[in-house]
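All chains are named by letter (A, B, ...) in the order of the sequence lines, taking the proteins before the strands, and each is independently numbered beginning at 1. The figures that follow rest on heavy atoms only: side chains count, while hydrogens, waters and symmetry mates do not. Everything numeric in this text was worked out from a predicted model, so none of it was measured.
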2 protein chains.
Amino acid sequence: MARATTTSDSFNAVAEPRRREILSYLAGAERPVGEIVAALGLPQPSISKHLRVLHDVGLVRMRCQGRQKLYRTNAEAIRPLHEWAATFERYWQHQLLRVKELAEATVRHGAADWNSADSTTPDSKTPGSKPPDSNT
Amino acid sequence: MARATTTSDSFNAVAEPRRREILSYLAGAERPVGEIVAALGLPQPSISKHLRVLHDVGLVRMRCQGRQKLYRTNAEAIRPLHEWAATFERYWQHQLLRVKELAEATVRHGAADWNSADSTTPDSKTPGSKPPDSNT
DNA sequence: TTGACATATTCCGATATCGGAATGTAATGT
DNA sequence: ACATTACATTCCGATATCGGAATATGTCAA
């Protein structure tokens, strides 16, 4: 097995940098494939393939107009991603405080190695403990 | 070639559902690996491997305490993701309006196939046509 | 019809990724 | 020193993924 087959999960679809570029490019207005190719400077088949993935997961919408197909980012499909990330918002605010405090304390006395190779911290406090299990 | 080697990009690291679970689980407090294993019900080596990826991209922090290692989500590393998604916020607000209008219009007269298998829209109205070139 | 566009699909090889099983390593207890 | 606990790493096979080249499909124009 490997990943969740890209074509089923928007987190996966967005994991590819080029696809992110495409989404940004198509956010404001619909565009024919040719313009996307010109704008991003990638080979046309490549663009088509990425568009397919994005379309399959609903991240872009498509409309036919004569012999061209107009694509456009479906911004709504990005919301779940945004909301998932927002779940951590309260924590990074917390951390900003903690980091600030830690820095100050560190200046006053010795080092406080967070994330160095090994710390071993023998008996330390175990701060607040027992936080939420906020799972999806 | 394939993807950007997962271990270099947090978008990629987060593309894996289990890793997302781990991040949620470790958001509020640090935990030893054993607890993560117990909580998520995955084999220990698997957890360790995911933790490695997350650690390499900076999505979790680690601290040693005796024979156990305490992991914790580094929420700050999720901010870039959140901000990227936020880039589209203004568009999904737009779209909500457009969709609503379209729905009302559609109810009044015929269908307006958006995104069906093929539309071909031979010569028909093409509503506004020639949309803006508002580039990035 | 034929031909020129516009885009999609298929085939291919190189490389990643994931899970599982087995094994390695460091800290602790006796 | 030895066994045990707590994790990490390695090896492996199955499958995905990506880019490139070639080719197919569909649409308009003469």
Side-chain angles (χ1 to χ4, degrees), chain A residues 1-9 11-22 26 30-57 60 62-72 117-124, chain B residues 1-9 11-22 26 30-57 60 62-71 117-124 126:
Chain A
M1 239 184 268
R3 212 163 279 186
T5 158
T6 238
T7 289
S8 63
D9 179 6
F11 279 87
N12 247 309
V14 157
E16 164 69 49
R18 274 69 182 269
R19 275 184 309 245
R20 262 174 273 150
E21 285 179 45
I22 294 178
L26 295 177
E30 49 180 13
R31 311 270 197 181
V33 177
E35 277 187 37
I36 309 175
V37 169
L40 304 198
L42 291 177
Q44 175 266 316
S46 188
I47 294 287
S48 276
K49 280 183 278 188
H50 285 310
L51 284 171
R52 172 109 146 101
V53 172
L54 291 171
H55 188 259
D56 284 355
V57 293
V60 299
M62 188 262 278
R63 183 168 71 95
C64 296
Q65 182 188 261
R67 59 179 144 181
Q68 44 190 23
K69 308 205 176 171
L70 304 178
Y71 284 88
R72 172 180 200 144
D118 78 325
S119 12
T120 312
T121 317
D123 58 300
S124 55
Chain B
M1 237 183 274
R3 211 165 277 188
T5 156
T6 237
T7 288
S8 61
D9 179 6
F11 279 86
N12 247 307
V14 157
E16 163 67 50
R18 272 71 183 271
R19 275 186 307 247
R20 262 174 272 149
E21 286 179 45
I22 294 179
L26 295 177
E30 46 181 16
R31 309 270 198 186
V33 177
E35 276 187 38
I36 309 174
V37 169
L40 304 199
L42 292 177
Q44 175 266 316
S46 188
I47 294 287
S48 276
K49 280 182 280 188
H50 285 310
L51 285 171
R52 172 108 146 103
V53 172
L54 292 171
H55 189 259
D56 284 356
V57 293
V60 299
M62 188 262 278
R63 180 169 71 96
C64 296
Q65 183 186 255
R67 59 179 146 182
Q68 44 190 20
K69 309 206 176 170
L70 304 178
Y71 284 88
D118 78 324
S119 7
T120 312
T121 316
D123 59 298
S124 51
T126 320

Output yes when a side-chain donor or acceptor of Arg19(B) lies under 3.5 Å from a complementary backbone atom of Ala13(B), and no otherwise.
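Answer holds: yes.
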Taking Arg20(A) for its side chain and Val14(A) for its backbone only, find out whether a donor-acceptor pair lies under 3.5 Å.
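It does hold such a pair.
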Indicate whether OP1 or OP2 belonging to [N] is found under 4.0 Å from a side-chain N or O atom of [X].
X	N	value
Arg67(A)	dA29(D)	no
Gln68(A)	dT27(D)	no
Arg19(A)	dC18(D)	yes
His50(B)	dG19(C)	yes

Kindly write out the residues that satisfy salt bridge (charged side-chain N to carboxylate O under 4.0 Å, His left out) with Arg52(A), not counting sequence neighbours, or none if the list is empty.
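By the salt bridge (charged side-chain N to carboxylate O under 4.0 Å, His left out) rule, Arg52(A) matches Asp56(A).
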Got a sec, which residues hit salt bridge (charged side-chain N to carboxylate O under 4.0 Å, His left out) with Arg67(B), two or more places apart in sequence or on another chain?
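Expected list: none.
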Residues which pass side chain to side chain contact (heavy atoms under 4.5 Å, CB included) with Pro43(A), listed by chain and number, not counting sequence neighbours
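Side chain to side chain contact (heavy atoms under 4.5 Å, CB included) list for Pro43(A), sorted by chain: Pro45(A), Ser46(A).
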With sequence neighbours excluded, tell me which residues meet side chain to side chain contact (heavy atoms under 4.5 Å, CB included) with Lys49(B).
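Counting only residues at least two positions away or on another chain, Lys49(B) forms no side chain to side chain contact (heavy atoms under 4.5 Å, CB included).
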Starting from [atom2] on [N], measure out to [atom1] on [X] and report it in whole angstrom.
X	N	atom1	atom2	answer
Gln65(A)	dT27(D)	CD	P	13 Å
Asn12(B)	dT17(D)	CG	C1'	11 Å
Glu21(A)	dG19(D)	CD	P	11 Å
His55(A)	dT9(C)	NE2	P	11 Å
Leu54(A)	dA8(C)	CG	P	12 Å
Ile22(A)	dG19(D)	CD1	P	10 Å
Glu16(A)	dT15(C)	CD	C1'	14 Å
Arg18(B)	dC18(C)	CZ	P	10 Å

Straight-line distance of Leu26(B) CG to Leu54(B) CG, nearest 0.5 Å:
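Interatomic distance, Leu26(B) CG to Leu54(B) CG, rounded to 0.5 Å: 8.5 Å.
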His50(B) NE2 to Leu42(B) CG distance, which is reported to the nearest 0.5 Å:
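Those atoms lie 6.5 Å apart.
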Please write out the pairs of protein N or O atoms and N or O atoms of nucleotides 8-11 of chain D separated by less than 3.5 Å, giving the distance to one decimal.
{"from": "dA8(D)", "atom 1": "OP1", "to": "Tyr71(B)", "atom 2": "OH", "distance (Å)": "2.5"}
{"from": "dA8(D)", "atom 1": "OP2", "to": "Ser48(B)", "atom 2": "OG", "distance (Å)": "2.4"}
{"from": "dA8(D)", "atom 1": "N7", "to": "Gln44(B)", "atom 2": "NE2", "distance (Å)": "2.7"}
{"from": "dT9(D)", "atom 1": "OP2", "to": "Arg52(B)", "atom 2": "NE", "distance (Å)": "3.4"}

Let me check the geometry of the helix from dT1(C)-dA30(D) to dT30(C)-dA1(D). What is the bend angle between the axes at its two ends, five pairs each, to 10°?
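About 10° separates the two local helix axes.
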Who passes side chain to side chain donor-acceptor pair (under 3.5 Å) against Gln44(B), sequence neighbours left out?
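Once residues adjacent in sequence are excluded, the partners of Gln44(B) under the side chain to side chain donor-acceptor pair (under 3.5 Å) criterion are Ser48(B).
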